[in-house]
Amino acid sequence: MSAQHAVNPGDTAWVLVCAGLVLFMTPGLAAFYGGMVRSRNVLAMMQQNMIALGVVSLTWVLVGYTIAFGDDAGSGLFGNLELFGLTDLRQPPAPNLHVVDDRVTIPTLAFVAFQMMFAVITPALITGATAGRLKFAGWVLFLAIWSIVVYAPVAHWLWHPDGWLAGFGTQDWAGGLVVHASAGAAVLAVLLVVGRRRHWPHAAAPPNSIPLTVLGAGILWFGWFGFNGGDGLQANGVAAQAVLNTHLAAAAAMLVWLVVERVKDGHSTVVGGVSGAIAGLATVTPTAGYVNTLSAIAIGATAGLVCHLALRLKYLLRLDDALDVLAVHFVGGMLGTLLLGLFGNSGINPLGRDGLFLGGGGSLLWYQLVGILSVVVFSFVLTWLIATGVQAVIGLRAPVADQDGLDRAQQGTDAYHLGGVTSLAAPGGPRRQRGRAGSGKATRSPVSAGHEVRLVSALLDPARVSNSGELREALLSAGAISLTVADAAAATDEPEQRVLPRGYWQQQPLLDRLRVDVLTTEDAMADVVETLSRFEPRVVWSSDVAPVVVE
C-alpha cells in the first residue's frame, strides 16, 4: 500500500463509485453495438467489447499505467517504467489540470482503478466501425498492443503534469482527445486494413434488436456520469457541474438530432434519439468540468446537428464504418475539444481557462487545435502500423466466408433461436398427465386404402398467425392428416423498401414467410384450403402424393 498523507474519504468513495460506473459502460457498449448488427454476429460483437475488460485491465496494471502516469522520462511523451506491475506506489496522483489539487488526495490505487476503466473502453469503441470483419485472435493481440503503444502515451501527454500537451496548454476534461479522438483516428486506420464488407454500401445490415441498442444507450448515459463526473477526483461543486453538463448536453443533442431526422427523413426514431444522446455525451466530454450549464446545452445542440450531418462522412471517405463511430465519437470528440476553446470558463473551474466567448482570446482555441492534430496523426499512424502487423502475423480481418455468420464461426452457437415457427404463441396451462391407451381420447385413423392423398402447401405471413394451437386445430378439424410448418423466404414481385436506423434504407426482395404443408385426402382438400384462407395466404398450391413404403 502506498504511503498517503491526506486521504479524503468522500473523494475516495466518489472516485471508486465512478470507476464502477465507467466499468459498467463497457457491457453497455456491447449491448449498444450488439443490437445494431446482424443477428448472426451479435455474440462476436459483444465478445469483442467484453474481452477488453480482460486484456486491457492486465496491460494497464503491468505497463500501461506507468507509461501514462509514471514519472516523465524527460520528453513529455511517456512515463518511465518504475511503476511496472504497480510496484513502488509511494506518491499519490500529482495535481494537474482537472486532477486533484494540493489540499486533498485519494489513494493511488483508486486513481489506478478509475483510469483503468477509461483505458478499457477506449479501444472497444473501434469495434462498432469494424462490425462483422474482425478475427477474434487478431483483435485480442491488437487490443494488447494498442492499449500500450497508443492509449497510454496519449494519456501521458494530456493528463500527466509533465505531458507535453498539458504543458503546452491543451485541455481535455475526460477524454475528448484521449478517448474519442484517439479511438476515432484508430478507426480510420483499422478500416484501411480490414476493408469493407461484401456488397457495401449497397447491402445495408438491419439491426437485430433495437430494444437491446436502447438498453445499451441507457447504460452508457448512466455510466457517463462517472465518466465525466469523477475526473476532478473530488466530490465537490465541479463534479456536480460536470454531471449536470453531461446530462443536459445529451438531452439537447437528442432533441436536435430528432428534429433533423424528422426534417430530413420524415421520421423521428428511437435509434436516432439515442444516437444523438451518445453524440452529445461524446462532445461534452472534453468540456464537462470547464464550462457552465448554458454552454453545455449549446455544445450538446451543436453536437446533435454536426454529428448527424457527419453520417455522410463514411461515404465521402469510402470507408465502411458499420455503426457510425466516425460520426458520433470521432467527430464528437474533436468538436467538443474545439468548442472548449470557445466556451471555456475559469469561473467554473479555476484550473481551466477562458475561451474566446468568455474574453480569453483565441489562445485556448489554438492549444485545442494543436492537441487534435497531434493526437489524430499519432493515433492514425501507430494504429495503421499495429493493424498491418497483426494482419500480416495472425490476421485481423475475418475470412470473407465467415463474415455473415461470425457467431457460428467464432462461438459455435447463435445468439437467438427464434424464427417464424419457434416464436409462435402456443397454448399453455397446468401440466397434465398424458392419456394412456384406452383412456377414450380420440386418435386419427390412417388413410383408408383407395383414398387419394393430396399435399396442400401455403405461404403465410407470420404476423397473421398469432397462435400455433389455433392453426393446428383449425387444419386438423378441416381434415388434415398431418401438417408441417417451416420458416421460408419468399420472392416478391416488387422489392419492399425497409427503413433502417439513422436514415439508411434497403430494398428487401425476399420476405419472411411461414410455409405450411398439409397432408390431406382429396375429399377434405377444399376444407383445408378454405381454412388456410382465414390466415390470408400469399400462395396456395397442391400436388399429388405417392406413398412410399420402407421395408
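Nothing here was measured: the structure is a model prediction, and the numbers come from that model.
- The side-chain heavy atoms of V376 and M334, taken from C-beta on, include a pair separated by under 4.5 Å.
- Considering all non-hydrogen atoms of both residues, L396 and Q391 come closest at N-OE1, 2.7 Å.
- The shortest side-chain heavy-atom distance between I278 and H329 falls under the 4.5 Å cut-off.
- Counting only distance, with no hydrogens or angles, the side chain of Q411 and the backbone of V42 share no donor-acceptor pair below 3.5 Å.
- Between Q241 and the choices N228, T293, N349, the side chain to side chain contact (heavy atoms under 4.5 Å, CB included) rule is met once, by T293.
- Of all the heavy atoms in L125 and H180, the pair that sits closest is CD1-ND1, 4.0 Å.
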Exercise. Could you walk me through whether F111 and V15 pass side chain to side chain contact (heavy atoms under 4.5 Å, CB included), step by step?
Key: CA-CA 8 Å; F111 182 72; V15 170; 6.0 Å; no

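- Around atom CZ of F24, no more than 12 heavy atoms belonging to other residues, nucleotides or ligands sit under 6.0 Å away.
- Within the model, atoms CG of N292 and CG of L244 stand 10.5 Å from one another, a figure rounded to the nearest 0.5 Å.
- At least one donor-acceptor pair under 3.5 Å links the side chain of S268 to the backbone N or O of L258.
- Of the possible donor and acceptor atoms, none in the side chain of T26 sits under 3.5 Å from a partner among the backbone N and O of M50.
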Exercise. Given side chain to side chain contact (heavy atoms under 4.5 Å, CB included), test V178 with W159 step by step and report yes or no.
Key: CA-CA 9 Å; V178 178; W159 288 345; 3.8 Å; yes

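- Looking only at side-chain heavy atoms (C-beta outward), V193 and V390 stay at 4.5 Å or farther from each other.
- Note that CD of Q171 and CG of L364 are 5.5 Å apart. Values are rounded to the nearest 0.5 Å.
- Aromatic ring centroids of W139 and F142 lie under 6.0 Å apart.
- Smallest separation of non-hydrogen atoms from I348 and V238: O-CG2, 3.8 Å.
- A distance of 11.5 Å separates OG1 of T287 from CG of N345, quoted to the nearest 0.5 Å.
- Aromatic rings from F227 and W221 are positioned such that their centres are separated by 6.0 Å or more.
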Quiz item: Are R196 and R318 close enough, and set up right, to give a side chain to side chain contact (heavy atoms under 4.5 Å, CB included), and what steps lead you there?
Solution: CA-CA 9 Å; R196 307 168 186 165; R318 300 297 296 169; 3.4 Å; yes

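- Side-chain contact of W146 with T383: a donor-acceptor pair under 3.5 Å is present, judged by distance alone.
- Contact detail for L406 and A398: the closest heavy-atom pair is CD2-CB, 4.0 Å.
- Residues T283 and T302 fail the side-chain proximity criterion, which asks for heavy atoms closer than 4.5 Å.
- Under the salt bridge (Lys or Arg N to Asp or Glu O under 4.0 Å) criterion, D320 pairs with R133, R197, not counting sequence neighbours.
- Contact annotation: the side chain of F357 never approaches that of S295 to less than 4.5 Å [non-hydrogen atoms, C-beta and beyond].
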Exercise. Carefully, step by step, assess E261 and T269 under the rule side chain to side chain contact (heavy atoms under 4.5 Å, CB included).
Key: CA-CA 8 Å; E261 192 176 50; T269 66; 3.0 Å; yes

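- H308 places no side-chain N or O within donor-acceptor distance of the main-chain N or O of G276, the cut-off being under 3.5 Å.
- The aromatic rings of F69 and W60 sit perpendicular, their planes meeting at an angle over 60°, well past the 30° parallel limit.
- Nearest heavy-atom pair across L177 and V375 is O-CG1, 3.7 Å.
- In terms of modelled atom types and a separation under 3.5 Å, the side chain of T66 and the main chain of V63 share no donor-acceptor contact.
- Between L143 and V56, the closest side-chain pair of non-hydrogen atoms falls below 4.5 Å.
- Separating the CZ atom in F380 from the CG atom in L192 is a distance of 5.0 Å, to the nearest 0.5 Å.
- Although no hydrogens or angles enter the test, the distance criterion places no donor-acceptor pair under 3.5 Å between the side chain of W200 and the main chain of A322.
- At distances below 3.5 Å, at least one donor-acceptor pair connects side-chain atoms of W157 with backbone N or O atoms of L77.
- Between the side chain of N245 and the backbone N or O of A288 there is at least one donor-acceptor pair closer than 3.5 Å.
- Residues L339 and L342 form a side-chain contact, since some pair of their non-hydrogen atoms from C-beta on lies under 4.5 Å apart.
- The CG atom of L281 sits 9.5 Å away from the NE2 atom of H247 when rounded to the nearest 0.5 Å.
- The two residues C307 and V328 come nearest to each other via the heavy atoms SG-O, 4.2 Å.
- Between the side chain of S147 and the backbone N or O of A144 there is at least one donor-acceptor pair closer than 3.5 Å.
- The line from CG of D11 to CG of N236 is 7.0 Å long, rounded to the nearest 0.5 Å.
- In this structure a side-chain-to-backbone donor-acceptor pair under 3.5 Å is missing from Q115 to Y65.
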